[in-house]
Amino acid sequence: MQKIDIEMIPGGASPPPIRVGEATIAEAAIAEEMQYHPADSAGTAQLQAARALVVRELLRQRANALGLAEATSEAIDEADDAIAALLEQELDVPEPDEADCRRFHAAHAERFSEPTRLKVRHVLLAAAPDDAPARDAGYRQGETLIRELEAAPERFTELAQRHSACPSKEAGGELGWLAPGQTVAELDRALQHLPVGLHERPLASRYGWHLVSIDERQEGRELPFEQVAERVRHSLREQATRRALRHYLLALEAEIGVEGLSLDDDGGNALMQ
């Protein structure tokens with residue numbers, strides 16, 4: 001039987017049944033699993049959910065075949081224990097040596113660097129993204145407040161307490177030291193490129209407009225291998241585990257047989273999510 005990708009089924013048509021060996025993955029089970037696979041479309045979520053259930057069923061059947069447990073689809077805890085025991089027994093993951101780790105660190109030093117940190121104050125002028133009049137009014141108010149701050153920087157605390165919609169208003173707008181990823185994404189991206197001082201115009205986010213002052217900036221720096229050796233080893237071990245798991249799942253797919261869906265490169269990731 002040709003294996004069909006769920007996302008390719010025309011609208012309204014039912015996908016072919018998905019079978020793993022003699023077991024059938026029920027449509028109801030896929031629908032229930034979808035809540036654990038948020039995606040940009042229902043079709044993508046459905047595919048990810050179906051793939052995760054196929055992966056689980058392949059591992060459950062292999063665990064049963066080896067007598068690790070009589071793990072059934074209904075006995076979730078027992079199945080999880082059997083799958084954990086199975087992977088411990090059968091998954092061959094090589095341990096990276098120091099030379100591997102040093103090479104990986106040299107090639108990806110930025111991944112193990114100390115991030116740039118910014119000491120930030122802000123005033124949030126709230127406006128919903130779909131409220132054009134409020135956005136326009138907020139921007140104009142922000143320009144006015146920035147002119148006031150340029151003339152009298154010492155008034156930042158006062159203006160934050162009077163105008164900000166952020167809980168940080170109680171601290172005069174202080175956000176403290178921020179590293180990448182610690183604030184809303186669109187503001188986070190803008191902050192990384194700002195110099196020290198009051199920014200000359202309001203910055204947009206989904207929450208409204210931000211009047212931002214960068215009070216201090218500590219540039220990121222590369223960390224020596226000895227300081228991050230365990231993080232490097234963990235990254236390499238995780239990569240090796242994903243590769244080993246993918247190859248193992250593809251071998252199980254060929255041995256047990258899967259109909260209605262084909263495990264592709266994301267097959268190994270389905271279990272890791």
Side-chain angles (χ1 to χ4, degrees), residues 6-8 10-12 31 33-49 110-222 266 269 273:
I6 289 178
E7 289 187 307
M8 302 304 292
E33 178 72 16
M34 284 173 64
Q35 65 183 304
Y36 305 113
H37 303 272
D40 56 5
S41 71
T44 300
Q46 185 184 32
L47 175 61
Q48 292 174 352
E110 72 286 349
R111 290 178 53 177
F112 306 100
S113 295
E114 192 175 74
T116 296
R117 297 170 69 241
L118 305 171
K119 191 174 184 182
V120 180
R121 289 179 294 165
H122 85 142
V123 177
L124 171 60
L125 305 175
D130 57 352
D131 189 342
R135 301 288 285 194
D136 290 343
Y139 189 85
R140 289 194 299 272
Q141 182 187 13
E143 289 184 311
T144 298
L145 293 177
I146 286 173
R147 286 195 295 270
E148 292 183 28
L149 289 170
E150 288 173 339
E154 69 278 4
R155 296 186 61 202
F156 199 105
T157 296
E158 171 204 339
L159 296 182
Q161 291 174 340
R162 285 174 53 191
H163 299 286
S164 184
C166 177
S168 66
K169 65 184 292 183
E170 303 301 331
E174 294 273 0
L175 295 177
W177 286 97
L178 298 181
Q182 290 188 311
T183 187
V184 62
E186 52 269 35
L187 182 60
D188 187 52
R189 288 191 295 269
L191 289 176
Q192 299 310 308
H193 303 288
L194 297 186
V196 170
L198 177 69
H199 190 50
E200 61 190 7
R201 58 185 175 80
L203 295 174
S205 82
R206 70 198 69 176
Y207 299 114
W209 297 100
H210 302 259
L211 316 184
V212 170
S213 177
I214 307 294
D215 293 336
E216 294 183 56
R217 184 183 183 95
Q218 292 181 350
E219 297 294 340
R221 63 185 180 91
E222 291 187 3
D266 290 332
N269 292 335
Q273 294 171 348

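Basis for what follows: all heavy atoms, side chains included, without hydrogens, waters or symmetry-related copies.
For the salt bridge (charged side-chain N to carboxylate O under 4.0 Å, His left out) condition, no pair includes a residue of residues 131-143, sequence neighbours left out. Under the ring pair (Phe, Tyr, Trp, His ring centres under 6.0 Å) criterion, the residue pairs touching residues 127-158 are Tyr139-Trp209, with sequence neighbours excluded. For residues 177-187, the side chain to side chain donor-acceptor pair (under 3.5 Å) pairs, not counting sequence neighbours, are Glu186-Arg206.
For Glu150, there are no side-chain hydrogen bond (donor to acceptor under 3.5 Å, both in side chains) partners two or more places apart in sequence or in a different chain. Scored by the salt bridge (Lys or Arg N to Asp or Glu O under 4.0 Å) test, Asp215 finds Arg121 as partners (sequence neighbours excluded). A search for salt bridge (Lys or Arg N to Asp or Glu O under 4.0 Å) contacts involving Arg162 returns Glu158, not counting sequence neighbours. Partners of Glu170 according to the salt bridge (Lys or Arg N to Asp or Glu O under 4.0 Å) rule, which considers only residues two or more places apart in sequence or in another chain, do not exist here. By the side chain to side chain contact (heavy atoms under 4.5 Å, CB included) test, Ala165 is found to be paired with Leu124, Ala126, residues two or more places apart in sequence or in another chain being considered. Not a single side-chain hydrogen bond (donor to acceptor under 3.5 Å, both in side chains) links Arg111 to another residue, sequence neighbours left out. Glu219 is linked by a salt bridge (Lys or Arg N to Asp or Glu O under 4.0 Å) to Arg217, counting only residues two or more places apart in sequence or in another chain. With sequence neighbours excluded, the residues forming a side-chain hydrogen bond (donor to acceptor under 3.5 Å, both in side chains) with Ser168 are His122, listed by chain and number.
Rounded to the nearest 0.5 Å, atoms NZ (Lys119) and CD1 (Ile214) are 12.0 Å apart. Rounding to the nearest 0.5 Å gives a distance of 9.5 Å between CG of Leu187 and CD of Gln192. Taking CG of Leu194 as the reference point, atom OG of Ser213 lies at 10.0 Å (rounded to 0.5 Å). To the nearest 0.5 Å, atoms CG (Leu149) and CG (Leu159) are separated by 5.0 Å. In this structure, OG in Ser164 is found 9.0 Å from NE2 in His210, a value given to the nearest 0.5 Å.
Across every non-hydrogen atom of Pro38 and Gln35, the tightest pair is CD-O, 4.3 Å. Taking every heavy atom of both residues into account, Ala160 and Gly173 meet most closely at CB-N, 3.8 Å. Counting all heavy atoms, side chain and backbone alike, Leu175 lies closest to Leu178 at O-CD2, 3.9 Å.
With a 4.5 Å cut-off on side-chain heavy atoms, Leu145 and Leu125 count as touching.
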For residues 195-203, please give each side-chain donor-acceptor pair under 3.5 Å, one per line with the distance, not counting sequence neighbours.
none

